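Being a predicted model, the structure only gives us computed values, none of them experimental. Protein chains get the first letters and strands the later ones, always in sequence-line order, with residue 1 at the start of each.
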Amino acid sequence: MLRLPRLRYLRPATAGEAAASLSKLGSRAMFVAGGTDLFPNLKRRQFEPDTLVQVPPLKGVRRVDGHFEIGATVTLAEAAADPGLRAALPGFAEAAGLVSSPPLRNAGTVGGNLCVDTRCNYYNMTYEWRKSIGFCLKKDGDICLVAPSSPRCWAVSSSDTAPAAMVLGASVVLVGPDGERELPVAELYRDDGIEYLAKQPHEVVTAIRLPAPEGLLTAYVKLRRRGSIDFPLAGAAVALTLDGPIVTGCRIALAAVASHPLEVPEAGAFLAGKRLTDETISAAAELAAKPARPLDNADLTHFWRKKMVRVIVERAIRQAATPSTT
Amino acid sequence: MRSELDRPVQRELTRLRVNGEDLELYLPVHKTLLEVLREDLKLTGTKHGCELGECGTCTVLVDGEPQLSCLLLPLQAEGRELTTVEGLAEGAAPHPLQVAFAELGAAQCGYCTPGILLAAKALLVRDPRPSRDGIKEALAGNLCRCTGYVKIIEAVELAAERMS
Amino acid sequence: MVGKPVPKVDGAGKVTGQAVYADDIDLPRMLHCKILRAQLPHARILSVDTSAARRIPGVKAVITGQDLPIRFGILPVTQDEAALEGEKVRYVGDPLAAVAAIDEETAAAACDAIKVEYQELKPVMSIEAALKEAADEPIQSYPKRSDNIHRMVSYEFGDVAAGFARADHVREDVFFFQGSTHLPMEQHSAVATYAGGRVTLWSSTQVVHYVHRALSKVLELPMSRIRVIGAAHGGGFGGKTDPFAHEIVVAKLAMLTGRPVKCTLTREEVFYAHRGRHPVLMWVKTGVTRDGRVTAMHFRSALDGGAYGSYGAASIFYTGTLQTVTYDIPAYKFEGARVFTNKAPCGPKRGHGTPQPRFAVEMHLEKIAREIGLEPVELKRRNFVKPFSRAVNWLRITSCGLEECTEKVLTASGYANRKRQPGRGMGFAISTYMSGAGTAIYWNDMPHSEVQLKVDRTGVTLFCGAMDIGQGSDSVLAQIAAEELGLEARDIHLVTADTDTTPIDLGSYSSRVTFMAGNAAVEAARKMRALLVAAVAERMGVTDLEEIDVADGRVGEFSFEDASVLAEEKFGALASAGSYKPPRIGGPFKGSGVGPSPAYSYSACVVQVAADARTGIVTVERVWIAHDIGRAINPLLVEGQVEGSVYMALGEALMEEQVYRQGLHKWPSMLEYKSPTFLETPEMHTFLVETDDPEGPYGAKEAGQGPLLPVIPAVNLALQDALGVWIDEIPVTPEKVLRALEAKAKGEPPRFGPRGFPSVPYPEPILVEPPDPADLRVGDELELAFPMKGGGPPSAGAGRSPSPPGPPRAPRVR
């Protein structure tokens, strides 16, 4: 049986206390919310903290002033099933509902999925396996085994909800020992497989704010091998506004094609002012796919995954524009 | 590096409610609910296939919802109602799902069965007459290698029919 | 009782969580074992330093290769495994040291503290590389070759050259079938105790007897001082048919510490234990007449065996021998080779060695049919084997429902009139499989299955060494005994898979239990019935025993219990025994022992897929499968086996692959090794065809493996139907489909698959004169007519008639 390492487990009453704990303990400690990403990684010794700090319950999906505020520990299942979210922001609700599997979504949280560790099939392996291959840059090793000549880590951002939040212009509420700040989701990530989050390690995500203007059309299309359990091989999130047949605004972001959720503004900008036709959708998808750089560190081949980005972006645009047909 | 034996073990008095029984246990905080159920409470009906959240075998109900006991700390489950396969029957009377699974051969090797029974129970509470697609969706986190899933789906349908 | 869909006898234990699997066993003072495994694919072990591990508090014993030097292996010809390797490691995951400690955490820490010094050797990771001269040294030294070829076989049955010469059309194709693993939900687990000079082992195994033998050999204990008990079983599919290192290691550690020791493999270790589907490269050449009749076939295979022998010597044969009991091939040449590579050892996975050629031949015949302008189904049908005939390689066919199965699935699916539309297609394929291997793993003249019955006032107890691995073999045995004794299945107490208390059965592999243990159970139960009937008849003053009905819990005018009292008064303790040994079937040539079976099951399948030309993603929508089961003793269980086979085949066809990168298993996890979920489940339509095999118990044949075989090629052929591309390689991943579509768009052959077949130094073929197709003689009759010459199984001459046992013999009095 794979087991967790010996750990201290702290249950602070508030987010502020949690942040203070982590601030004090430094890299010896990590936050745990649902644990669905953290515990497997701990069992495989990808993380080696000696203390876990429980993120206190931060529940509730509230609609305030044209946006949704979702508590960070709202589970993915709760978010996916929330009637308000489903009606107003189906793209985000679907992204939450497509994470892993039903039992996992009952524990995994929205905050956790936004902060989910980057993945790589040289890295998400047991300690013994990683030792056999000689360890990788992200943990215990010196080189990136996917791109040995590269100085950086190419682990893949694998959050489904991050791109779905990004296209909404969402932000997260961060609580540190010294107070609270709001950070756009777009600024939460860095293009690095190791230091993939731009927040301070001791800052805890307490909520996510999702703007939900009237008339916004959203969709998320996920590509994976099986209908359940799997992480995204690629994902496409779209948020779109239409004036009659004309696109007035469009944002497109991709999952699992880089070390961070990848927004492709060129594609959105291309569609602005245009009608949605087979040609414009195809052209936008092509633009969107251009910066996607899948590497040989996830399921199936990266050549195929790269090709599929276009397909899922097209499908996401269509799905957003014609929600009734989804 | 692999060894954390030099670290102290933090033990906490943990109050769990399992299958309707209130228990007080003095447990290492890092021992997952799966290990506690099997090793401390001897509820070995809860099986395990990967311990990484990838197969669904160790599914238990937490406040009626399926969760993976391999990814849950007992302290995280305090104050919540835990149900394992041992808690499905009403005394000696098996749950209709158990009857249907046994009757239709939905359990071949039986190793994934406890987890699937619990996930199915949660489904039937939420949706007493689920569609075939609804059953597939609800059980999509539980892998089975023997049955091809067909008899399981049929057993859930049969139980649903009998219960309503 | 026979023919009724009664629930499994062990169902209640499994749905309540009460069934005790090996890892559920928790004994007082039990220690926990972890195994240190090789971290290099190929290396000499220079030193193993366990001193730091021994110093860790809570560590009770550390053992290495020196402690278990005797080698073992499932086949007598390949005793090439050590429980712990001392000199050399041959794949990442090869066991080399083990620790018993107070808990798993301590044992794991101790394993990590063991220092191993290696001298690295160049790893060999492909069939092509293995065929070449070894860079430094071969992986295994015993084949005494400079390359890494393990074994080769070559046979020619009939005049193949003449067959090709009279063909109107000849075609060659090359196919590749990637390896896959069983992925049982339960990780292997074993618990051992040692007390009073005796070892007791509980294990998750498919064959307690083979584990028993290996333990005896390696521990140097007589079998009488070892007891092996099969715990409730969490899935095998062939993956728990070998004796495994951890089973021997826990026994040794129990002997050293005097405490119970448990070892449960992690999921990753299960991938290393493997013994799964061999990756096989295949070349096939077939000649046909203008009207589609096969004139000759030449089949070559090259199997990637991984690092050890396992069942490999048999696996080679299985890639070749069953071609002739599927299609009527008048002249057949087969050349097979298995190579060693630095990967986890391959072995028997559901269908053992036959899904690969089944895939190749079904695809190949389809291509031939298209070339000569014949409807593929029609070409296949024209070549179906005939019931009660003998194949060119001497395999004897008895009942055969191929035509009936084909008719069922064609009709139900509407195959012939399917709507032709891009992106949706149907494929048709057939298969055959053995109802138990005709020869034991180690040659001997003893029965393959034995059953004992005890009857007294407490009821009926059936004893049999067979292991129920979930397929329901216990239920089948109970149903058979109940049928003969006029009881219900639930009235039969079962004691199975315990070497102390049950007579030997060779276990749950090669689809043998229903057929072989079933026949033994029939014999034992009929003998018991005769005793009861005799006693009742005497009391009733009836002389014609036929007048005594045994049914509905009664024997004549007495209840079963009263009848058992009468019989016990008359005969003393009531015990009966039955046994089964297949007759000699194989032809008079060396190597004829692999392939014969007392009966073959047949299946036919139509698969409907939706295939997306944009993504290459193939979705299986519907499956129609008909299976010639001979007779369904329990239709519910048979359906379960058929559906499970279909499922496993779909996983193999579309996603499962055991692949390696940089010398390591690429993804030893349940997340990355893809197995289908509920959401990938197609609509399945299962039809059972009953042909009443003359030698099966009540006519029954196998169900657990055959139905897997046609599904894989049917998926590929459905994809071909949908998109017009040939994917000559398993699994069919979306990328392969797109690559084939791209080739098609460029005007190249619309295909993805291997380009060629490597040069393999096959030996000169053994030339075998084909039998008369009408000669159905087996056993003594066959031996008399065609004595086994040189090197055949010593059991060859001793076959008894396998037909349902005749009049009961004298009761055995204890």
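Atom CG of C/Leu183 sits about 7.5 Å away from atom CG of B/Leu143, to the nearest 0.5 Å. One finds the SG atom of B/Cys109 at 6.0 Å from the CZ atom of C/Phe237 (value rounded to the nearest 0.5 Å). Within the model, atoms OG1 of C/Thr266 and CG of B/Leu52 stand 9.0 Å from one another, a figure rounded to the nearest 0.5 Å. Interatomic distance, C/Gln187 CD to B/Thr57 OG1, rounded to the nearest 0.5 Å: 8.0 Å. A distance of 9.0 Å separates OG1 of C/Thr677 from NZ of B/Lys136, quoted to the nearest 0.5 Å. Summarising the geometry, atom NZ belonging to C/Lys14 is positioned 13.0 Å from atom CG belonging to B/Leu117; distances are rounded to the nearest 0.5 Å.
Enclosure of atom CZ in C/Arg490 is not indicated, since only 12 or fewer non-hydrogen atoms of other residues, nucleotides or ligands lie within 6.0 angstrom.
For C/Thr106, the parts lying under 4.5 angstrom from a heavy atom of chain B are both the backbone and the side chain. Contact annotation for C/Asn634: neither backbone nor side-chain heavy atoms come within less than 4.5 Å of a heavy atom of chain B. Using a 4.5 Å cut-off between heavy atoms, C/Leu637 does not touch chain B at all. Interface remark: C/Ser669 contributes backbone and side-chain atoms alike to the contact with chain B (heavy atom separation under 4.5 Å). Proximity to chain C is absent for every atom of B/His95, based on heavy atoms less than 4.5 angstrom apart. Proximity to chain B is absent for every atom of C/Leu650, based on heavy atoms less than 4.5 angstrom apart. In this structure, the portion of B/Ile152 lying under 4.5 Å from any heavy atom of chain C is its side chain and not its backbone. Of the atoms belonging to C/Met648, it is side-chain heavy atoms, and not backbone ones, that fall under 4.5 Å from chain B.
Between chain C and the options B/Glu103, B/Glu137, B/Arg132, B/Gln98, heavy-atom pairs under 4.5 Å are most frequent for B/Gln98. Per-residue heavy-atom pair counts under 4.5 Å with chain B were compared for C/Arg267, C/Glu672, C/Gln641, C/Met684, and the maximum is reached by C/Arg267. Ranking B/Leu104, B/Ile116, B/Val99 against chain C, the residue ahead of the rest is B/Leu104, based on heavy-atom pairs under 4.5 Å. Looking only at heavy-atom pairs under 4.5 Å with chain C, the residue among B/Leu139, B/Val85, B/Thr113 that has the most is B/Leu139. Counting heavy-atom pairs closer than 4.5 Å to chain B, the top residue among C/Val642, C/Asp10, C/Thr681 is C/Thr681. Top candidate by heavy-atom pairs under 4.5 Å with chain C, chosen from B/Ala102, B/Cys112, B/Ala89, B/Gly45, is B/Ala102. Between chain B and the options C/Glu683, C/Gln471, C/His182, the largest number of non-hydrogen pairs under 4.5 Å is found for C/His182.
Residues C/Leu636 and B/Lys151 are in side-chain contact: their nearest non-hydrogen atoms beyond the backbone lie under 4.5 Å apart. Side-chain contact between C/Glu639 and B/Val150 is absent, with no heavy atoms from C-beta onward closer than 4.5 Å. At a threshold of 4.5 Å between non-hydrogen side-chain atoms, the residues B/Arg145 and C/Pro676 count as touching.
Among residues two or more places apart in sequence or in another chain, the side chain to side chain contact (heavy atoms under 4.5 Å, CB included) test is passed with C/His32 by C/Met30, C/Glu104, C/Lys262.
Using modelled atom types, no side-chain atom of B/Tyr111 and backbone atom of C/Tyr21 make a donor-acceptor pair closer than 3.5 Å.
The existence of a salt bridge linking B/Lys42 and C/Asp24 is excluded, since no basic side-chain nitrogen approaches an acidic carboxylate oxygen closer than 4.0 Å.
Nearest heavy-atom pair across C/Met670 and B/Cys50 is SD-CB, 4.0 Å.
Using a 3.5 Å distance cut-off with no hydrogens or angles, the side chains of C/Glu643 and B/Gln108 do not pair a donor with an acceptor.
Among residues at least two apart or in separate chains, there is no salt bridge (Lys or Arg N to Asp or Glu O under 4.0 Å) pair with a member in residues 111-127 of chain B.
The aromatic rings of B/Tyr149 and C/Phe678 lie tilted to each other, with the angle between the two planes from 30° to 60°.
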